[in-house]
Amino acid sequence: METAKREALERAKSRLDRAALYPRQVALRGVRIWIAPWLFRLPWFRRFDGYSAWLTILLRSRAALADETLMAHELCHVWQMQHHPLRMPLSYLLHGYAGNPYEVEARKAAQEP
């Protein structure tokens with residue numbers, strides 16, 4: 001993994017390690033970041049700058065690597081899926097996006113200094 005991506009993950013991990021939301025800290029092993037501007041042109045993804053799917057973080061642009069709040073938010077979703085690999089993604093069917101407890105948790109964790 002290139003240095004800028006690794007450093008962005010490490011900064012986000014440092015922020016989340018202070019949050020102590022789960023018994024084990026977020027593991028970076030296997031986590032990948034893809035810059036995929038084409039994806040964020042699709043209707044569902046237009047409203048996002050980042051998106052997580054298990055061990056993958058998708059970003060709208062390379063500039064998003066410098067957005068520590070966004071990176072912590074997306075890495076928090078990876079962390080959630082490390083602990084609840086089925087319940088977390090399926091929760092969007094029950095709760096939708098805005099009020100989803102995992103979204104609320106990720107927003108709060110990402111805001112921590």
Side-chain angles (χ1 to χ4, degrees):
M1 176 180 299
E2 68 182 80
T3 304
K5 291 178 181 179
R6 173 62 50 197
E7 288 173 353
L9 283 175
E10 288 171 358
R11 285 190 308 271
K13 178 181 175 24
S14 176
R15 184 182 284 207
L16 293 178
D17 284 349
R18 293 188 295 269
L21 297 174
Y22 295 97
R24 294 179 316 276
Q25 293 179 336
V26 62
L28 297 181
R29 184 178 182 164
V31 177
R32 298 290 175 251
I33 297 174
W34 294 92
I35 311 300
W38 58 268
L39 178 71
F40 296 92
R41 290 186 202 111
L42 298 174
W44 169 257
F45 293 94
R46 285 182 188 149
R47 61 187 169 156
F48 303 117
D49 289 320
Y51 196 86
S52 296
W54 285 276
L55 294 174
T56 302
I57 297 173
L58 302 162
L59 298 175
R60 177 184 299 274
S61 71
R62 180 167 282 296
L65 290 170
D67 185 339
E68 292 189 15
T69 302
L70 174 65
M71 290 302 302
H73 180 95
E74 298 307 330
L75 187 60
C76 187
H77 287 318
V78 170
W79 193 18
Q80 292 163 340
M81 287 184 272
Q82 288 172 352
H83 286 82
H84 305 292
L86 294 176
R87 186 181 340 158
M88 187 275 188
L90 291 175
S91 71
Y92 289 87
L93 297 174
L94 290 173
H95 302 286
Y97 176 77
N100 187 295
Y102 290 105
E103 279 300 324
V104 172
E105 181 178 75
R107 284 184 209 121
K108 183 178 178 188
Q111 294 300 321
E112 297 294 321

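Please read these numbers as outputs of a predicted model, since none were measured by experiment.
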E74-H77 side chain donor-acceptor pair, cut-off 3.5 Å: no

Stepwise side chain to side chain contact (heavy atoms under 4.5 Å, CB included) check, M71 with R15: CA-CA 10 Å; M71 290 302 302; R15 184 182 284 207; over 6 Å; no

Nearest heavy-atom neighbours spanning W79 and A20: CH2-N, 4.1 Å

Test ring pair (Phe, Tyr, Trp, His ring centres under 6.0 Å) applied to Y51 and W34, F45, F40, Y92, the passing residue: F45

Separation between CG of L9 and CD1 of I57, rounded to the nearest 0.5 Å: 5.5 Å

Side chain to side chain contact (heavy atoms under 4.5 Å, CB included) evaluation trace for V104 with R107: CA-CA 5 Å; V104 172; R107 284 184 209 121; 4.0 Å; yes

For the student: nearest non-hydrogen atoms of L65 and A8, plus distance: O-CB, 3.5 Å

Closest heavy-atom pair and its distance - R29, L55: O-CD2, 4.3 Å

Separation of I33 CD1 from S52 OG (nearest 0.5 Å): 9.5 Å

Verdict with reasoning, Y102 to R87, per side chain to side chain contact (heavy atoms under 4.5 Å, CB included): CA-CA 10 Å; Y102 290 105; R87 186 181 340 158; 3.6 Å; yes

Rounded distance (nearest 0.5 Å) linking atom CD of Q80 with atom CG of L75: 10.0 Å

Qualifying residue for side chain to side chain donor-acceptor pair (under 3.5 Å) with H73, from E103, E68, E105, K108: E103

Short side-chain to backbone donor-acceptor contact, R60 and P37, under 3.5 Å: no

Between OH on residue Y97 and CZ on residue R47, distance to nearest 0.5 Å: 6.5 Å

Euclidean distance, E10 CD relative to L28 CG, rounded to 0.5 Å: 7.0 Å

Flag, side chain of W54 to backbone of M81, donor-acceptor distance under 3.5 Å: no

Lys/Arg-Asp/Glu bridge criterion (N-O < 4.0 Å) met for R18, E112: no

Aromatic plane relationship, H83 with Y22 - under 30° parallel, 30 to 60° tilted, over 60° perpendicular: parallel

Pairwise distance CG(L58) to CG(D49) - rounded to 0.5 angstrom: 12.5 Å

Non-hydrogen atoms of C76 and L21 that approach each other most closely: SG-CD1, 4.1 Å

K5 side chain to R32 backbone, donor-acceptor under 3.5 Å: no

